[in-house]
Colleague: 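Mind looking over this structure? Questions follow.
Since the structure is predicted, the reported quantities are computational estimates derived from the model, not experimental observations. Letters go in sequence order (proteins before strands), and every chain restarts at 1.
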Amino acid sequence: MTDTPDNRPFAIRTYAPDQLREALKRMYLIRRFEEGAEDSYMRGLIHGTMHLSIGQEASAMATCMELTDADKITSTHRGHGHCIAKGAEVGRMFAEFFGKETGYCHGRGGSMHIADVKTGNLGANGIVGGGLPIAVGAALSAKRLGKSDVTVCFFGDGANNEGAFHEALNMAAIWKLPVIFVCENNKYGMSTSTERSTAVKHIAERAVAYAMPGITVDGNDFSAVAEAVHHAIARARAGEGPSLVENLTYRWRGHSKSDRNRYRTKEEIEDWMARDPIARFRAELIAHGILDESGADAIAQAAIDDVQQGIEFAKSSPAPAVTELTRYVHAEA
Amino acid sequence: MNAMTQETGLRTLSYSEAIREAMALAMDRDPTVILMGEDIGVYGGAFQVTLDLIDRYGPDRVMDTPISELGGAGVAVGAALTGLKPIFEFQFSDFATLAMEQIVNQAAKLRYMLGGEASVPVVFRMPAGSGTGAAAQHSQSLEAWFGHVPGLKVIQPSTPEDAKGMLLAALDDPDPVMIFEHKLLYKMKGPVPAGHYLTPIGKAAIRREGRDLTIVAGAIMVHRALEAAERMAQDGIDAEVIDLRSIRPIDHATILASVRKTGKLMIVYEGVKSFGVGAEISAAVAESDAFDYLDAPILRLGGAEAPIPYNPDLERAAVPQVDTIEAAARRMIRREV
Ligand SMILES: Cc1ncc(C[n+]2csc(CCOP(=O)(O)OP(=O)(O)O)c2C)c(N)n1
Ligand SMILES: [Mg+2]
């Protein structure tokens, strides 16, 4: 190191090249996984509905950058990206979406309940705001049990109007718990824009009411998210309490499989698609010599291969036995 | 309106169209009627039931709420208490669990607690049931929970005609009414009278007359029970199918009369079997003179003792289907239960 200040983006100067390449790989994996899920849905291999996070990959990946398997996350209905960013395998995720016994929830949960408890993902949630108090509880466990683990609580802009949000933030603050509330503000809760649903402009402004730091960042800028979450994690691990980080981002796809996009314009969608967080991160890594074009292409291809294998694994996996309908309702004797 | 409509007053509408027509009619007749709920405006509601109503009545009467079920339901209760008639849509009936406080402690009890000095004419619309692959938190049948609460009325129309008439009756009612709409019925079509009419709350309907056994069912289960009955009819088994329509109040008289006639009772419902509608009806029969007419044990066919699973085969197995209803009824006829 020389004496000149390091002006490179936070992520580039903070993480090892291997870590950065792995992060890019996982972002591609999220994108290709969701495209694969969408395609499988179209082919009738997946039923129900699903909520895709395409366009929001930097928020998921950069937030999880410094988390270990012992750190916890609570996720949302739009949770595929969080699950992959936290370390899940796409094969077992596809198996879950295909309703198979080999899936992370043994075919009982599907997309909306995708989880991987072993890597610290306590689960997506079908209830908007459902994960917020649970995250506070996980942070309480860590504190009481004398662990340095933190909990990241993902939630959407829409969730900030549930009572659970306000109750959870208050308790996290009064008990100084190691939790990081990460709002993925993609401008809409289903069809309702934050302008129409929320009294404040930015969700981070809510932090003031609960005496915790709140910051709004460009959620499609990997490094900006990583930096904000880095400081929040440091504060949590130091026993100083919770923080709120708001990642401004956008979902390219409709809310779910039944969205006709009547509440937003084509121009708005295209404008955000031009701000692709993956292309941006890839270009940044190349610009800083972490990768060259062919290295990046190889990473992108590896994600495609993983997804292909994952789908094959899911297809060839067995379904749960119908006789086991009531299994997992209670602990087994 | 086309010519046929003017002559007979009957059109073929889907269940969701019938509900939408009822809401539009109510808003035309009564300026105090408003709609509230999540994404009921330009989105048209998660099941497209309120489709285009915002274009016709504007955002002041078709109000998108934030994602705030407790607050939203409570605002509807407060508005109902003071002169408006809100129809509050829960996007999925499962989310009423977030609003239990306002429904159970406030809406249901205010008239009583205030000694009859107040009235809460609110209607809660409750898209319910499984069969859509939406798993444990979006597929429940919680109607029996609300049947346990004095002060509430709980209805579950099974046809487009009843959906319209019962929603209008709910609006006409001075007390809170929860209308459970099975999601699989939304696209079902049937004849619906034009204009304003009321289908009384608290009256069951005999959908098929029969001599050999009584099947009491609600919502989608009415259609499954009817199909099972038609299959059995080919073998000379003559089942009576009663559409419960209303859970609170429940039409005991119609059920008891049928049991006196057939001597056999089976109750088919999607909610979890135990502590449900089946237990209530069984007990009512056991407590009445109709008990003496039974010549076989009562049979409850309800949902499995499990959350609704995601896997489609497990999901199907979790609630009564035509096959399972038929098989159970045949066992009952053979007195194998
Ligand atoms: C308690 C509850 N209310 C409503 C819904 C239906 N619903 C699912 S996602 C969603 C929008 C959530 O918006 P946001 O929190 O911004 O997350 P996003 O979908 O934008 O990722 C709604 C209304 C739900 N699942 N749970
Ligand atoms: Mg959102």
Side-chain angles (χ1 to χ4, degrees), chain A residues 46-50 77 96-101 103 105-113 125-130 156-165 188-194 196-199 255-256 258-264 319-330, chain B residues 37-48 50-52 54-55 59 63-74 91-92 94-99 101-102 130-140 272-273 303-319:
Chain A
I46 297 177
H47 77 144
T49 190
M50 63 176 81
H77 58 283
E96 187 56 37
F97 288 30
F98 284 45
K100 300 299 180 72
E101 187 62 45
C105 313
H106 304 282
R108 271 62 168 189
S111 155
M112 226 179 335
H113 303 291
N125 210 308
I127 299 300
V128 169
D157 48 283
N160 103 92
N161 294 311
E162 288 284 14
F165 167 85
Y188 299 92
M190 214 156 148
S191 69
T192 310
S193 66
T194 51
R196 294 202 299 125
S197 71
T198 303
H255 165 72
S256 68
S258 57
D259 188 345
R260 292 173 301 151
N261 277 319
R262 290 212 302 183
Y263 51 89
R264 55 182 191 172
V322 173
T323 49
E324 299 208 331
L325 173 61
T326 58
R327 194 172 173 196
Y328 309 122
V329 177
H330 292 290
Chain B
E38 292 161 16
D39 306 285
I40 65 168
V42 289
Y43 199 94
F47 299 99
Q48 306 291 290
T50 54
L51 192 79
D52 86 4
I54 189 154
D55 303 330
M63 293 176 68
D64 275 335
T65 68
I67 309 175
S68 305
E69 288 79 12
L70 173 63
Q91 199 165 83
F92 285 74
D94 311 69
F95 310 153
T97 56
L98 282 81
E101 197 288 298
Q102 288 293 326
S130 68
T132 64
Q137 296 172 334
H138 286 71
S139 305
Q140 297 170 87
V272 170
K273 180 180 168 186
E305 304 292 323
I308 298 294
Y310 166 71
N311 172 285
D313 294 330
L314 266 60
E315 184 184 21
R316 267 180 58 79
V319 302

Colleague: Kindly check if the number of other-residue, nucleotide or ligand heavy atoms within 6.0 Å of CZ (A:R327) is above 12?
Modeller: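 Enclosed.
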Colleague: Output the distance between atom OG1 (A:T192) and atom CD1 (B:I40), rounded to the nearest 0.5 Å.
Modeller: 9.5 Å
Colleague: Sort B:Q48 into side chain, backbone, both or neither according to what part of it lies under 4.5 angstrom from a heavy atom of chain A.
Modeller: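 Just its side chain gets close to chain A.
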Colleague: What distance do B:N311 atom CG and A:C105 atom SG have between them, rounded to the nearest 0.5 Å?
Modeller: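 Those atoms lie 12.5 Å apart.
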Colleague: Side chain, backbone, both or neither: which part of A:H47 has a heavy atom under 4.5 Å from chain B?
Modeller: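 Interface part for A:H47: both.
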Colleague: Can you list the residues that meet the salt bridge (Lys or Arg N to Asp or Glu O under 4.0 Å) rule with A:E101, with sequence neighbours excluded?
Modeller: A:R108
Colleague: Is it the backbone or the side chain of B:Y43 that comes under 4.5 Å from a heavy atom of chain A, or both, or neither?
Modeller: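 Contact with chain A is through both the backbone and side chain of B:Y43.
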Colleague: OH/B:Y310 to CD1/A:I46 distance, rounded to the nearest 0.5 angstrom?
Modeller: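 Those atoms lie 5.5 Å apart.
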Colleague: Under 4.5 Å heavy-atom distance to chain A, tell me which part of B:L314 shows up: side chain, backbone, both or neither.
Modeller: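 Looking at B:L314, backbone and side chain both touch chain A.
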Colleague: Let me confirm one number: the CG-CD1 distance from A:D157 to B:I67, rounded to the nearest 0.5 Å.
Modeller: 7.5 Å
Colleague: Let me know if A:A164 has heavy atoms under 4.5 Å from chain B in its side chain, its backbone, both or neither.
Modeller: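 Neither; nothing under 4.5 Å.
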Colleague: Only pairs of heavy atoms separated by less than 4.5 Å count here; which of A:S258, A:P320, A:G163 has the most with chain B?
Modeller: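 Sorted descending by pairs with chain B, the first entry is A:P320.
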Colleague: Might you confirm whether atom CE of A:M190 has over 12 heavy atoms from other residues, nucleotides or ligands at distances under 6.0 Å?
Modeller: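 Yes, the 6.0 Å shell around CE holds more than 12 heavy atoms from other groups.
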Colleague: With sequence neighbours excluded, what pairs up with B:D64 under the salt bridge (Lys or Arg N to Asp or Glu O under 4.0 Å) test?
Modeller: A:R196
Colleague: Just so I understand: if I count every heavy-atom pair under 4.5 Å between each of A:S191, A:G48, A:S197, A:G99 and chain B, which residue has the most?
Modeller: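 Heavy-atom pair counts peak at A:S191.
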Colleague: Would you compute the distance between atom CD1 of B:I54 and atom CZ of A:R262 and round it to the nearest 0.5 angstrom?
Modeller: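 Nearest 0.5 Å value for the CD1-CZ distance: 9.5 Å.
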Colleague: Report which part of A:D259 has an atom under 4.5 Å of a heavy atom belonging to chain B: side chain, backbone, both, or neither.
Modeller: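 Interface part for A:D259: both.
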Colleague: Step by step, work out the side chain to side chain contact (heavy atoms under 4.5 Å, CB included) result for A:N125 and B:Q137.
Modeller: CA-CA 9 Å; A:N125 210 308; B:Q137 296 172 334; 3.4 Å; yes
Colleague: Heavy atoms only, distances under 4.5 angstrom: which of A:T323, A:L325, A:T326, A:V329 has the most pairs with chain B? Name it, please.
Modeller: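 Between A:T323, A:L325, A:T326, A:V329, the count favours A:L325.
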Colleague: Rounded to the nearest 0.5 Å, what separation is found between the CD1 atom of A:I127 and the NE2 atom of B:H138?
Modeller: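 One gets 6.0 Å once the value is rounded to the nearest 0.5 Å.
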Colleague: Apply side chain to side chain donor-acceptor pair (under 3.5 Å) to A:N161 and B:S68, showing your working.
Modeller: CA-CA 6 Å; A:N161 294 311; B:S68 305; 5.3 Å; no
Colleague: Kindly give the heavy-atom pair with the smallest separation between B:A135 and A:G109, and that separation in Å.
Modeller: CB-O, 3.7 Å
